[in-house]
Amino acid sequence: KTNFSQPIMLTKNQTIKTEITDMNNLGYGISRQDGIVIFTDGGVTGDVLEIKIIKTAKDYAVGRVERVLVPSEKRDDSLCKVSKRCGGCAFRGIKREYELELKRGFVMSAFRKSRVDAVINPVLTDGVTCGYRNKVQYPVAPGGDYGYYARHTHDIIKYDACLLSDPHLEPIARYASEYIKNAGANVRHIYLRRGQMTGETMFCLVSPSDRLPEEQALISGLIGRFPEIKSIVHNVNRTDGNVILGKDVRVLYGRDRIEDVLCGCRFGISSLSFYQVNRGAAELLYREAIKRASSGSPERIADLYCGAGTIGISFAKAHPGISVTGVEIIPDAVKNAAENAELNGVSNAEFICADALTAPLDGFGCVMIDPPRKGMSQGLVGRLCRIKPPHIVYVSCEPATLARDAAALISAGYRMADVTPVDMFPGTGAVECVTDFVI
Ligand code: SAH
């Protein structure tokens with residue numbers, strides 16, 4: 001029996017000509033053929049390509065570029081030698097303006113999928129697209145070479161000139177690799193962090209052993225060559241698996257932390273605490289959140305998912321008459337936040353260690369939230385919808401969960417303001433957003 005509604009199926013290994021009409025946040029070009037959506041790695045909107053179908057599924061197929069027949073005007077030759085193998089930068093091969101347009105489009109489509117009418121502003125950027133990452137975590141191969149994992153594997157691509165990483169960190173990583181080779185050290189990761197406003201740099205090696213070989217020589221070698229290193233730590237991680245850092249931290253030299261300046265405040269950053277990897281863009285994001293949170297002149301605000309307190313302390317310093325309560329689940333980060341408040345002479349901020357789900361919500365004129373990618377827990381959404389704080393400012397690193405939570409708040413009677421996306425991770429497919437809700 002012939003089923004005429006069945007689309008003509010593409011078959012594996014078939015070669016076809018196709019025109020790319022869109023791109024997704026993994027950097028795949030999208031085209032349509034016989035009603036089937038085809039995802040082609042390396043395809044750019046506007047390209048006419050000859051592709052080979054390498055996978056077929058029920059409602060989509062995956063293609064591989066065989067030949068570029070007509071290159072798109074949106075292409076921009078990648079300056080990175082390994083971007084195709086590494087896969088860390090979904091958008092290394094396209095023009096910057098188009099990247100920003102795509103990111104705005106991703107936010108729009110997330111709200112559309114959640115059936116929320118939203119005004120999405122153009123994507124804010126500080127204009128820095130290279131060298132912005134203040135943290136590197138290089139996997140080390142047996143033998144001491146380091147680099148990046150090849151896409152979808154744990155094979156290490158030897159490479160030390162990632163365009164996203166702060167270039168000050170490269171010579172330090174090379175020195176670490178020489179040490180690992182010469183001393184025969186069993187190191188899994190070279191982890192470096194730099195406070196870009198202070199220059200202070202943290203050097204950390206992650207290994208499964210109690211001590212590193214020739215520690216004294218390593219320390220004197222490092223501080224002799226790199227005076228910006230203010231903290232040398234050894235992180236002991238004996239567990240298998242994907243988590244890079246263990247819980248045991250041995251300070252070999254200096255302090256257990258470095259300092260950086262963000263929104264005019266100084267922040268101590270320890271090896272384990274969360275700190276935004278793009279300082280400049282984080283400032284744009286925080287200023288936008290702070291501007292919105294202060295707009296209704298609340299007496300008290302809550303800062304849920306506060307990490308080391310960066311947003312709340314920046315807010316408290318700018319608004320000494322408003323008291324801030326930060327809530328964070330990781331005890332070490334809460335301690336860090338309290339120390340950071342003191343470092344900045346901020347007395348109108350307090351921090352409590354709790355699950356945001358159980359955080360106090362009564363009596364706050366404004367509740368700020370900055371959850372991880374999975375968004376707010378549904379329990380917290382439910383409590384907000386019941387208690388109804390007059391103003392909610394939402395900082396989000398995942399448009400899909402922002403849109404989902406927005407839909408729930410709107411059905412409880414909130415009105416959503418415009419959404420401002422911020423480009424925290426130029427070159428990659430990720431995008432952050434700030435918006436706010438009033439009732
Ligand atoms: N606002 C901070 C941190 C954002 S990252 C900044 O901008 O630097 C999200 C934070 O939420 C992390 O510090 C994480 O430890 C914390 N977190 C995750 N789940 C949580 C929960 N259920 N309750 C409270 N905090 C949580």
Side-chain angles (χ1 to χ4, degrees), residues 133-135 193 195-196 243-245 247 257-293 301-318 324-341 343-344 346 349-361 364 366-384 392-398 401-402 405 420 422 424-425 430-436:
R133 273 194 73 100
N134 57 23
K135 175 170 98 169
R193 241 177 177 180
Q196 289 170 325
V243 179
I244 295 177
L245 297 174
K247 290 195 173 60
R257 68 193 61 191
I258 52 167
E259 285 182 10
D260 199 15
V261 178
L262 188 64
C263 292
C265 297
R266 256 184 120 80
F267 291 102
I269 311 149
S270 68
S271 58
L272 298 179
S273 66
F274 177 88
Y275 186 60
Q276 297 283 359
V277 296
N278 183 345
R279 199 207 66 85
E283 223 163 52
L284 293 179
L285 181 78
Y286 288 2
R287 289 200 199 288
E288 182 69 25
I290 290 168
K291 185 179 81 190
R292 291 183 186 229
I301 73 156
D303 176 15
L304 309 187
Y305 306 88
C306 71
T310 40
I311 303 182
I313 292 167
S314 307
F315 183 99
K317 186 153 184 181
V324 177
T325 303
V327 178
E328 160 65 45
I329 203 162
I330 294 181
D332 204 52
V334 179
K335 187 166 154 271
N336 244 276
E339 288 161 356
N340 283 330
L343 186 65
N344 290 285
V346 162
E350 56 166 9
F351 296 91
I352 53 184
C353 188
D355 189 321
L357 178 61
T358 64
L361 297 174
F364 291 100
C366 176
V367 174
M368 267 201 290
I369 48 178
D370 182 11
R373 295 175 77 157
K374 61 177 191 274
M376 279 194 273
S377 66
Q378 292 317 289
L380 178 58
V381 178
R383 281 186 67 217
L384 287 169
I392 298 172
V393 175
Y394 199 137
V395 178
S396 159
C397 54
E398 174 51 68
T401 53
L402 168 62
D405 294 346
T420 298
V422 179
M424 290 281 267
F425 310 104
V431 56
E432 300 255 336
C433 290
V434 190
T435 187
D436 60 306

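All ligand and atom numbering here is 1-based and tracks the order in the structure. Just so it is clear, the model here is predicted, and its values are computed rather than measured.
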State whether a side-chain donor-acceptor pair under 3.5 Å links Ser273 with Arg257.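 The answer is no; no qualifying pair exists.
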Nearest neighbour in protein (non-hydrogen) for [atom]:
atom: atom 12 (C) of ligand 1; result: Glu328 OE1, 3.5 Å
atom: atom 18 (C) of ligand 1; result: Pro372 CG, 3.6 Å
atom: atom 25 (N) of ligand 1; result: Ile329 N, 3.3 Å
atom: atom 23 (N) of ligand 1; result: Ala356 N, 2.8 Å
atom: atom 1 (N) of ligand 1; result: Asp370 OD2, 2.8 Å
atom: atom 22 (N) of ligand 1; result: Asp355 OD1, 3.0 Å

Side-chain heavy atoms of [X] within contact of [Y], under 4.5 Å:
X: Val261; Y: Arg266; result: yes
X: Phe267; Y: Asp260; result: no
X: Glu283; Y: Arg279; result: yes
X: Phe274; Y: Asn336; result: no
X: Leu384; Y: Met376; result: yes
X: Gln276; Y: Thr310; result: no

Numbered atoms and elements of ligand 1 in range of [X], under 4.0 angstrom, heavy atoms:
X: Ile330; value: 15 (O)
X: Ala354; value: 23 (N), 24 (C)
X: Tyr286; value: 6 (C), 7 (O), 8 (O)
X: Thr310; value: 6 (C), 7 (O), 8 (O)
X: Gln276; value: 7 (O)

Assess [X] for proximity to ligand 1: is some non-hydrogen atom of it under 4.0 Å away?
X: Tyr275; result: no
X: Cys306; result: yes
X: Ala308; result: no

Side chain, backbone, both or neither: the part of Tyr305 lying under 4.0 Å from ligand 1 by heavy atom: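 Both parts.
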Decide yes or no on side-chain contact (heavy atoms from CB on, under 4.5 Å) for Leu272 and Lys247, but give the supporting numbers first. CA-CA 8 Å; Leu272 298 179; Lys247 290 195 173 60; 5.6 Å; no
Audit row: Asp405, Leu380, side-chain contact (heavy atoms from CB on, under 4.5 Å) steps and yes/no: CA-CA 10 Å; Asp405 294 346; Leu380 178 58; over 6 Å; no
Audit row: Met368, Ile311, side-chain contact (heavy atoms from CB on, under 4.5 Å) steps and yes/no: CA-CA 9 Å; Met368 267 201 290; Ile311 303 182; 3.7 Å; yes
